[in-house]
Amino acid sequence: MTDPRGFLKAPRRPVPARAVEERLSDWHEVYAGQALLPLVAEQAGRCMDCGIPFCHSGCPLGNLIPEWNAYATRGNWRAAAERLHATNNFPEFTGRLCPAPCEDACVLAINADPVTIKNVEQAIADQSWEQGFAPPHPPERLSGKSVGVIGSGPAGLAAAQQLTRIGHTVAVYERADRIGGLLRYGIPAFKLEKRYLDRRIGQMRAEGTKFRTGVDVGGAVDATELGRRHDALVVAVGAMERRELPVPGRELTGIHQAMEYLTLANRVAEGDRAASPVTAEGRHVVIVGGGDTGSDCLGTALRQGAASVVQLDINPEPGDARRDTEPWPVCPKVYRISHAHEEARGRAGTDPRFFSSATLRFEGDAAGRVRALCLTEVEPVARRPLPDTERVIPADLVLIALGFSGPERDSGLRAQLGLTLDARGNFARDDGFRAVRGGGAGAERGLAAGVFVAGDAGRGQSLVVWAIAEGRAAAAATDRYLTGSTALPAPIAATDRPLVA
């Protein structure tokens with residue numbers, strides 16, 4: 001265990017990010033080149049090694065946080081890496097992208113500052129690669145069964161790796177030209193440099209996983225024919241049905257969905273384009289939506305040289321402290337500043353967010369291009385517009401970042417596999433991740449393969465840790481279907497939800 005008085009001796013000290021102006025001048029990660037290890041070892045020593053570590057329940061992966069904290073504080077990176085990878089296929093992703101609900105559930109958070117779990121996780125993950133503790137793990141023998149995984153986001157990749165390592169022949173089908181899903185084209189490089197994704201994909205190839213890019217299952221490729229090639233299918237296509245903003249002026253030029261904007265920016269970073277056709281350079285940018293995608297748009301717009309950036313959040317501004325209605329260990333709604341918000345404040349001196357604000361209409365010029373956005377303040381709960389609060393702000397580029405409402409409705413996948421939708425618009429499944437199938441071509445043609453649904457396609461949009469947990473659990477369910485039993489871990493059930501008050 002760690003020093004039982006470590007949390008009394010050392011205050012919480014997160015790893016500092018690079019200076020704002022430095023990181024706004026490039027697309028590298030905000031921590032690129034920072035010295036992690038001395039600080040991380042000290043911070044890992046703050047772990048109390050609780051009798052009942054609630055950080056386990058804060059994370060759906062059930063990460064063995066006290067164990068790898070104890071190894072990290074002693075500099076035993078091999079043992080720390082083994083404990084970290086025991087529950088998480090991709091800690092180098094989660095250590096960079098996850099908002100760390102485990103820290104909100106840390107026992108220290110009851111009345112003090114929690115352990116910097118996310119920093120420790122990233123340091124262990126990076127050390128495991130640098131010191132050769134993350135070799136490929138090909139199976140000792142093949143099962144003779146094959147699985148097709150549709151989608152290559154974190155859920156699909158986690159399911160594929162688990163099933164490959166247990167001995168099944170796995171092929172991952174991705175309609176884009178590169179593997180990675182939102183990790184590739186939805187997450188900006190300043191949050192996740194793609195070399196980490198490429199490195200993990202290389203490991204999976206060495207283990208035996210096959211990757212097929214440019215394959216539009218449900219479109220150019222019939223899903224039922226794919227089902228005939230495999231003994232089971234795992235549908236992990238994500239929740240990509242984008243929410244719209246049906247207000248007057250939506251048809252004006254210069255209003256784009258956030259994911260279109262981020263994908264183009266990522267393609268520039270990948271070297272596919274010299275410049276993006278949708279750029280914030282020299283423009284007054286308004287981002288509609290206060291979530292993580294909106295924050296990603298903010299950081300991207302600042303790096304592209306926007307003249308100004310405003311982010312609209314319909315929710316009221318949270319307080320700095322946990323409310324009585326959100327007791328520990330649930331993840332509270334408190335005032336948080338992302339790295340992009342920090343960058344905007346460093347550039348303009350103020351928080352770019354307008355809280356309790358909603359869009360009434362867009363205004364354009366004679367050429368049909370957006371030039372302004374009319375907004376209003378809204379009531380905290382009912383979200384009705386408040387009288388006499390309308391105002392107009394300049395807007396040359398508007399990015400709609402209102403989230404997603406389930407898997408795409410027009411992909412063809414649903415009809416071909418005979419999938420049904422649940423009440424929230426996601427692909428329906430039972431507690432064991434098995435797809436609930438109705439009519440459709442798949443049923444009519446007697447699709448033989450078992451069909452399982454993993455990730456946001458069945459859960460709805462969620463965090464990267466939930467996607468990986470879903471992929472691991474769906475892999476266990478698929479293996480049990482194929483062989484009658486399984487030794488693979490299943491960290492969650494399909495019906496599990498985050499801990500809330």
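The figures that follow rest on heavy atoms only: side chains count, while hydrogens, waters and symmetry mates do not.
- With contacts defined as side-chain heavy-atom distances shorter than 4.5 Å, the pair P329/L499 qualifies.
- Looking only at side-chain heavy atoms (C-beta outward), F93 and L197 come within less than 4.5 Å of each other.
- Ring geometry, W27 versus F190: the interplanar angle falls from 30° to 60°, so the pair is classed tilted.
- Partner of Y173 under the side-chain contact (heavy atoms from CB on, under 4.5 Å) criterion, out of V237, T213, V215: V215 alone.
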* Show the numbers, then the answer: is there a side chain to side chain contact (heavy atoms under 4.5 Å, CB included) between E251 and F362? => CA-CA 9 Å; E251 73 285 353; F362 299 111; over 6 Å; no
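- Between R414 and E241 there is no salt bridge, since no side-chain N of the basic residue sits under 4.0 Å from a carboxylate O of the acidic one.
- A salt bridge (Lys or Arg N to Asp or Glu O under 4.0 Å) with R336 holds for exactly one of D351, D320, D104; it is D104.
- With respect to the salt-bridge test (charged N to carboxylate O, under 4.0 angstrom), the residues E270 and K194 do not qualify.
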* Kindly determine whether R23 and R303 satisfy side chain to side chain contact (heavy atoms under 4.5 Å, CB included), including the steps that lead there. => CA-CA 9 Å; R23 64 187 196 243; R303 284 163 175 78; 4.0 Å; yes
* To do: Kindly indicate, with the supporting measurements, whether the criterion side chain to side chain contact (heavy atoms under 4.5 Å, CB included) is fulfilled by E342 and V20.
  => CA-CA 8 Å; E342 181 186 30; V20 166; 4.3 Å; yes
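- The side-chain heavy atoms of N426 and P407, taken from C-beta on, include a pair separated by under 4.5 Å.
- Inter-residue side-chain proximity for R322 and V330 is flagged as met; some heavy-atom pair is nearer than 4.5 Å.
- With hydrogens and angles ignored, the 3.5 Å screen pairs no side-chain donor or acceptor of R472 with any backbone N or O of L61.
- Look at E207 and R165 and you find a salt bridge, because one of the NZ, NE, NH1 or NH2 atoms lies within 4.0 Å of a carboxylate O, short of that distance.
- Considering R205, R184, R178 as possible partners of D198, the one that fulfils the salt bridge (Lys or Arg N to Asp or Glu O under 4.0 Å) test is R184.
- The minimum heavy-atom distance between A239 and D456, with the atom names listed, is N-CB, 3.5 Å.
- When side chains are defined from C-beta on, L108 does not count as touching R12, because their heavy atoms never get closer than 4.5 Å.
- Between Y261 and S276, the closest side-chain pair of non-hydrogen atoms is not below 4.5 Å.
- Applying the side chain to side chain donor-acceptor pair (under 3.5 Å) criterion to E317, with sequence neighbours excluded, gives no partner residue.
- Between E21 and R347 a salt bridge is recorded (basic side-chain N to carboxylate O distance below 4.0 Å).
- A cation-pi arrangement is absent between R83 and Y71 under the rule of less than 6.0 angstrom and at most 45 degrees off the ring axis.
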Distance-only donor-acceptor hits, side chain of residues 295-302, under 3.5 Å, sequence neighbours excluded:
| residue | atom | partner | partner atom | Å |
| --- | --- | --- | --- | --- |
| S295 | OG | S338 | OG | 2.8 |
| D296 | OD1 | K191 | NZ | 3.0 |
| T300 | OG1 | D296 | O | 2.8 |

* Derivation of the side chain to side chain contact (heavy atoms under 4.5 Å, CB included) call for L97 and L183 -> CA-CA 10 Å; L97 302 177; L183 295 173; 3.6 Å; yes
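- Summarising the local packing, CD of Q131 is surrounded by more than 12 heavy atoms from other residues, nucleotides or ligands at distances under 6.0 Å.
- Partner of I400 under the side-chain contact (heavy atoms from CB on, under 4.5 Å) criterion, chosen from M259, R250, H256: R250.
- Contact of the V286 side chain with the F354 side chain is not registered, since no non-hydrogen atoms from C-beta on lie closer than 4.5 Å.
- Geometrically, R353 engages Y335 in a cation-pi contact, judged by NZ or CZ lying under 6.0 Å from the ring centre and within 45° of the ring axis.
- Under 4.0 Å is where a charged nitrogen must lie from a carboxylate oxygen, and between D365 and R371 at least one such pair does.
- A salt bridge is defined here as a Lys NZ or Arg NE, NH1 or NH2 lying under 4.0 Å from an Asp or Glu carboxylate O, and E260 with R242 fails to meet this definition.
- No more than 12 heavy atoms of other residues, nucleotides or ligands sit less than 6.0 Å from atom CG of D292.
- Between E326 and K333, no side-chain nitrogen of the basic residue sits less than 4.0 Å from a carboxylate oxygen of the acidic one, so the salt-bridge criterion is not met.
- Salt bridge R267/D272: present, at least one basic N to carboxylate O contact under 4.0 Å.
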